[in-house]
Amino acid sequence: MNSMTTGEERSATAVGATREKGHRWFAALYDRMNRAEERGFLGEMRKQLLGDLTGDVLEIGAGTGANFEHYPNNVQVTALEPDSFMLKRAAKKLAALGRTNISLQQAPAERLPFDDATFDVVVSTLVLCTVRDVPRALAEIRRVLKPGGQLHFIEHVRSKGFGGRAQDLIRPIWGWCSAGCHPNRRTLDALRAAGFDFDIMERRTMLSFVPIIRGTAVVASPGG
């Protein structure tokens with residue numbers, strides 16, 4: 001089911017998907033809002049996360065396609081995005097880059113349209129803070145990963161102490177401005193609960209109190 005599509009097919013998929021509900025204005029402003037970070041630490045985190053990948057890769061929540069330029073040319077990437085307005089912008093970015101090893105489809109992380117054990121790697125960058133059902137999304141990731149496959153992620157996580165309480169306080173307005181993002185999600189706890197072991201490779205801070213982490217996760221061994 002991990003089939004490639006042409007640039008024209010990708011664009012047609014994205015255009016046809018605009019009938020679905022999405023976040024028009026957030027999609028329109030997303031790249032502008034993150035321009036400084038993408039040129040700085042966030043772009044470097046993406047490069048470190050993706051630069052050495054091999055095999056068949058699934059990206060969930062591709063957004064406007066910020067990861068596309070960082071993928072190696074020798075991997076086959078299937079990128080999913082549920083928001084129709086984000087999807088249109090990702091399709092334009094993909095066409096501009098001319099990357100033929102990346103295909104683009106509309107689907108949510110909670111319902112991955114692929115067979116079990118399809119992918120060597122799943123990529124999630126600033127996605128688990130937004131999905132509506134984190135346990136279901138992680139269960140789907142486990143399902144489509146091949147044995148020994150890895151989840152590579154960059155995610156917001158809840159801070160400790162005062163920082164975490166501040167994240168709790170700003171969550172309603174943050175989510176309203178950011179298409180439902182939860183800056184205070186306990187994502188590492190969710191990974192453990194879903195049966196993943198993980199390593200944190202890098203930790204940064206946004207807005208002085210919102211941690212953002214880069215890491216990899218694998219399905220925990222029985223009894224491990």
Side-chain angles (χ1 to χ4, degrees), residues 22-23 25-27 29-50 58-68 70 79-83 86 89-90 108-110 121-142 150-194 196-218:
H23 299 86
W25 297 113
F26 183 70
L29 295 172
Y30 185 83
D31 287 339
R32 296 179 187 178
M33 291 189 300
N34 292 290
R35 186 172 297 157
E37 288 82 2
E38 293 293 350
R39 291 176 176 174
F41 81 92
L42 188 52
E44 184 60 28
M45 289 182 85
R46 293 184 192 275
K47 181 179 178 181
Q48 293 296 322
L49 186 79
L50 306 173
L58 172 67
E59 179 178 350
I60 60 170
T64 61
N67 284 333
F68 292 167
H70 300 291
L80 304 183
E81 171 54 46
D83 188 302
M86 288 283 196
R89 293 178 181 276
E110 296 93 335
V121 177
V122 173
V123 171
S124 172
T125 57
L126 306 180
V127 176
L128 296 177
C129 54
T130 305
V131 297
R132 295 181 179 179
D133 188 335
V134 176
R136 184 171 178 179
L138 290 174
E140 280 288 271
I141 290 170
R142 281 194 58 165
Q150 295 184 329
L151 167 63
H152 287 233
F153 60 88
I154 297 172
E155 296 290 349
H156 301 299
V157 295
R158 191 180 188 278
S159 185
K160 297 180 180 179
F162 172 79
R165 292 192 292 274
Q167 287 173 276
D168 295 340
L169 288 173
I170 68 168
R171 190 205 63 77
I173 187 65
W174 181 294
W176 185 84
C177 296
S178 303
C181 175
H182 295 70
N184 60 340
R185 276 214 169 137
R186 302 175 187 269
T187 301
L188 298 183
D189 290 343
L191 283 169
R192 291 189 188 96
F196 285 94
D197 287 334
F198 53 84
D199 291 314
I200 305 304
M201 309 301 184
E202 184 178 5
R203 183 182 293 267
R204 298 288 190 111
T205 303
M206 298 181 67
L207 302 178
S208 300
F209 66 95
V210 179
I212 182 171
I213 57 175
R214 173 174 64 89
T216 60
V218 297

| query | Would you say the side-chain atoms of Arg136 pair up with the backbone N or O of Glu110, donor to acceptor, closer than 3.5 Å? | reply | yes
| said: Show the nearest heavy-atom pair for residues Arg203 and Pro211, with the distance to one decimal. | reply: NH1-CB, 4.1 Å
| Which heavy atom of Ala90 sits nearest a heavy atom of Gly63, and at what distance? | CB-O, 3.3 Å
| query | Does the side chain of Leu138 reach to within under 4.5 Å of the side chain of Leu128, using non-hydrogen atoms? | reply | yes
| said: Can you confirm whether Ile213 sits close enough to Leu188 that some side-chain heavy atom of one is under 4.5 Å from a side-chain heavy atom of the other? | reply: yes
| Looking at side-chain heavy atoms only, is the closest gap between Arg46 and Leu126 below 4.5 Å? | yes
| Distance-minimising heavy-atom pair for Thr187 and His156 | OG1-O, 3.6 Å
| task | Could you grab the distance from atom NE2 of His152 to atom CG of Asn67, nearest 0.5 Å is fine? | result | 12.5 Å
| query | Would you say Gln48 and Met45 make side-chain contact, with heavy atoms under 4.5 Å? | reply | no
| said: Tell me which one of Ile60, Leu42, Ile154 satisfies side-chain contact (heavy atoms from CB on, under 4.5 Å) with Thr125. | reply: Ile154
| request: Only counting residues at least two apart or in another chain, list the ones meeting salt bridge (charged side-chain N to carboxylate O under 4.0 Å, His left out) with Asp189. | output: Arg192
| request: Please list, chain by chain and in numerical order, all residues satisfying side-chain contact (heavy atoms from CB on, under 4.5 Å) with Ala217, sequence neighbours excluded. | output: Leu151, Phe153, Phe196, Phe198
| In chain order, what residues pass the side chain to side chain donor-acceptor pair (under 3.5 Å) check against Arg204, with sequence neighbours excluded? | Glu202
| task | Any chance you could measure Ile200, atom CD1, to Thr216, atom OG1, to the nearest 0.5 Å? | result | 8.0 Å
| query | Of the non-hydrogen atoms in Val131 and Ala109, which two are nearest, and what is the gap between them? | reply | CG1-CB, 4.0 Å
| message | Using every non-hydrogen atom in the two residues, find where Gln150 and Val218 come nearest and quote the distance to one decimal. | response | CG-CG1, 3.7 Å
| Closest non-hydrogen atom pair between Asp83 and Glu81, with its separation | N-OE2, 2.9 Å
